[in-house]
Structure formats: C-alpha cells, structure tokens
Amino acid sequence: MRLITWNINSVRARLDIVAQLVRDYQPDVLCLQETKVQDHMFPTGFFEELGLPHLAIHGQKSHHGVATASKTPIDDHFKIDWCEKGDARHIAVKVDGMPMIHNFYVPAGGDEPDPVINDKFAHKLKFLDEMTSWSADLDGDHILVGDLNIAPYEDDVWDHKKLLKVVSHTPVEVEAMLKLIEAHGWQDIMRDFVPKDQKLYSWWSYRARDWSAADKGRRLDHVWTSPSLKGKAVHMEVIRDARGWVKPSDHAPVLVDFNF
DNA sequence: ATGACGTTTTTCAAACGA
C-alpha cells in the first residue's frame, strides 16, 4: 500500500502537479493539507479522472483544509474538531485492508513563540496537548500523517542553533511533540529510514532565491504509525523533485510504502 | 537572521503562511 502525504498549498491552484504526482508515483491513498477550498467547490471530478475517486474532504474557505483520496472505497470517515474552533484540520478514513489513516494540519503558530502574547502559538500548543490526550487513549492500529508544523530534531532543520527561537523548532514545541509521540508510542517512519544524524527536510521557503542551492529546509511533514505496525513500512522517500516542479507547493510530498 | 514569495479574498491591499 502506497501512501503519500502532501501539503499542497491550495489544491485548485495545483491540479497540474497533483496529476503529475499521481501519474508518476501511483499512490493508493493521497493525503493533502492546506487544500484551501470549501467542500462544495472541491475538484472531485478531477480526482475521479486520476483514479482516486474515493474522497473524504474537510475544507473551509481560504485557509487550512484536508482531503484524503483513495483508489479503493472509503468505508468510514470522521473529523475531530480540535480546540473546538470549527476549523478544518483533521480527517480520518478507514479503507479496507489498511489501518485508520489520520490526516492532520496542525496550526502553524504565528511568528512569536510565546503563548501569552501570541494567540496562534497558544492555539498550536493547545492543539498538541489535545492530540496528546487523544493519543494516550488510542487503541488499535493507526497511521497519522500530515503537516505537523514542527521539526523536532536538530537535523530536521538546516541550522539548529539559528532556528531555536523560530516557530516550528522551539524547545517548547519540540517537547510537546516528543510528549505526543510518547503518549501512543508513535513510530516516526521517516526517521526509521533516515538516521537522526542526517539532514531530512520536507519544506523549503518560497522566499529563498534558489531553494535547492540554499537548501534551508525543515522537516515539517510526518508519517507516524502505531507501535503495533512496527516493521510494516518498507520504503520511504521525500519527493524532493516535486519542490522544483512548475508552480510548486513549498512542501514536498512524503511517500511511504507499507506491506500489510 | 533577514528579506522575499505565493495564495486567497464580497481583491487591486491585506491577511496568512512557517
């Protein structure tokens, strides 16, 4: 089973490269974040033509939004309203023969890493706290993917020391994420395939003059599994090339093959 | 670290992203 997660930064603005990804990599399940489209305007016909006709979408106008597309039928799906804000940051799907797949878009957190003066950062920490409580009570087999907006390890960013006060890599966020991982025993699949002392990124800013040459990346996107699924992932790659496609997202897709 | 870039909207400027 091939799973790809990708923060697409507007699905409607990027239909061409979604098609390119699906054609070139043939995912069984594709999890998108930041779709930036209300459900009634989602390009469902486009996904049918791509061979991913089964959709579970949770969108809103302008911001956020997640969508999971599958080759085979989605038997069940549900959304969780984290922090009771009514925003679109999660959808879970159950596809036959696979574990439950949770697709997340965790709040970015704004600029200032201080919950007292920055409501967005406070929201991010509360969101992580709710995910931690939820994870602690979670039974069964689950896959959790998405843009979690935190690069936890030193080699998940291009310069650990320079990013210590930059939201996405601050100690308070990293501690919250490690606590979240511990709560369920989440397996960090990307790091099972690339050792923690090697650089691994999934996002590069649009603002760099030459993103690839500068290579000032961060690993903001993740694929985790329940501990019961240890050993089921057989391949992982960050599709870095996609960051250089025409009119790219600032995130690269992350691909994992599972042997269920 | 900075500045610079891209998407969206009761648009042509501002909010948001990370």
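Computed from a predicted structure; not experimentally measured.
Atom name C1', nucleotides B:dA18 and B:dT7: the rounded distance is 14 Å, in whole Å. Remark: the separation of the C1' atoms in B:dT11 and B:dC16 is 15 Å, to the nearest Å. Nucleotides B:dT10 and B:dA14 are separated by 14 Å at their C1' atoms, to the nearest Å. One P atom belongs to B:dT9, the other to B:dA4, and the distance between them is 27 Å to the nearest Å.
Note on A:Asp111: a base of the nucleic acid sits closer than 4.0 angstrom, heavy atoms only. Using a 4.0 Å heavy-atom criterion, one finds that A:Lys124 contacts no nucleic acid atom at all. At the heavy-atom level, A:Tyr105 lies under 4.0 Å from the strands shown only through sugar-phosphate atoms. A:Arg218 comes within 4.0 angstrom of the backbone, heavy atoms only, and of no base.
In this model, the phosphate group of B:dA18 is approached by a side-chain N or O of A:His251 to a distance below 4.0 Å at OP1 or OP2. For the OP1/OP2 pair of B:dG6 and a distance below 4.0 Å, the side-chain nitrogens and oxygens of A:Arg14 include no atom meeting the criterion. Between A:Ser10 and the phosphate of B:dT8, there is a side-chain N or O to OP1/OP2 separation shorter than 4.0 Å. The side chain of A:Asn7 places no N or O atom within less than 4.0 Å of a non-bridging phosphate oxygen (OP1 or OP2) of B:dG17. Within the structure, every side-chain polar atom (N or O) of A:Lys36 is placed at least 4.0 Å from both OP1 and OP2 of B:dC16. Taking only side-chain nitrogens and oxygens, A:Asn9 never comes nearer than 4.0 Å to OP1 or OP2 of B:dT7.
One finds a salt bridge joining A:Arg240 and A:Asp215 here, because a Lys/Arg side-chain nitrogen approaches an Asp/Glu carboxylate oxygen to under 4.0 Å. Look at A:Arg89 and A:Asp87 and you find a salt bridge, because one of the NZ, NE, NH1 or NH2 atoms lies within 4.0 Å of a carboxylate O, short of that distance. A salt bridge does not link A:Lys179 to A:Glu175: none of the charged nitrogens lies less than 4.0 Å from a carboxylate oxygen.
When the nucleotides B:dT8, B:dC5, B:dT10 are ranked by their closest atom to the side chain of A:Arg207, B:dC5 comes out on top. Side-chain atoms of A:Arg12 lie closest to B:dT9 of the nucleotides B:dG17, B:dA18, B:dT9.
Between A:Gln38 and A:Asn149, the residue whose closest nucleotide on DNA chain B is further toward the 5' end is A:Gln38. For the pair A:Thr35 and A:Arg209, nearest-nucleotide mapping onto DNA chain B gives the more 5' position to A:Arg209.
A straight line from CD of A:Gln33 to P of B:dT7 spans 17 Å, rounded to a whole angstrom. When rounded to the nearest whole Å, the span between CZ of A:Phe121 and C1' of B:dC16 equals 17 Å. Rounded to whole angstrom, the span from the OH atom of A:Tyr206 across to the C1' atom of B:dT8 amounts to 13 Å. At whole-Å resolution of the value, CD in A:Glu34 and P in B:dT9 are 13 Å apart. Going from atom CD of A:Glu173 over to atom P of B:dA18 covers 12 Å, rounded to whole Å. Protein atom CG of A:Asp250 is 9 Å distant from nucleotide atom C1' of B:dC5, rounded to whole Å. Protein atom CH2 of A:Trp211 is 17 Å distant from nucleotide atom C1' of B:dA18, rounded to whole Å. For the pair A:Asp87 CG and B:dA15 P, the interatomic distance rounds to 20 Å; values are reported in whole Å.
For an aromatic pair to be called close, the ring centres must be under 6.0 Å apart, and A:His102 with A:His142 satisfies this.
Each of A:His160, A:Arg219, A:Gln198, A:Lys199 was checked for a side-chain hydrogen bond (donor to acceptor under 3.5 Å, both in side chains) with A:Asp155, and the lone residue meeting it is A:Lys199.
Taking the six-membered ring where the residue is Trp, A:Trp82 and A:Phe127 present tilted rings, their angle falling between 30° and 60°.
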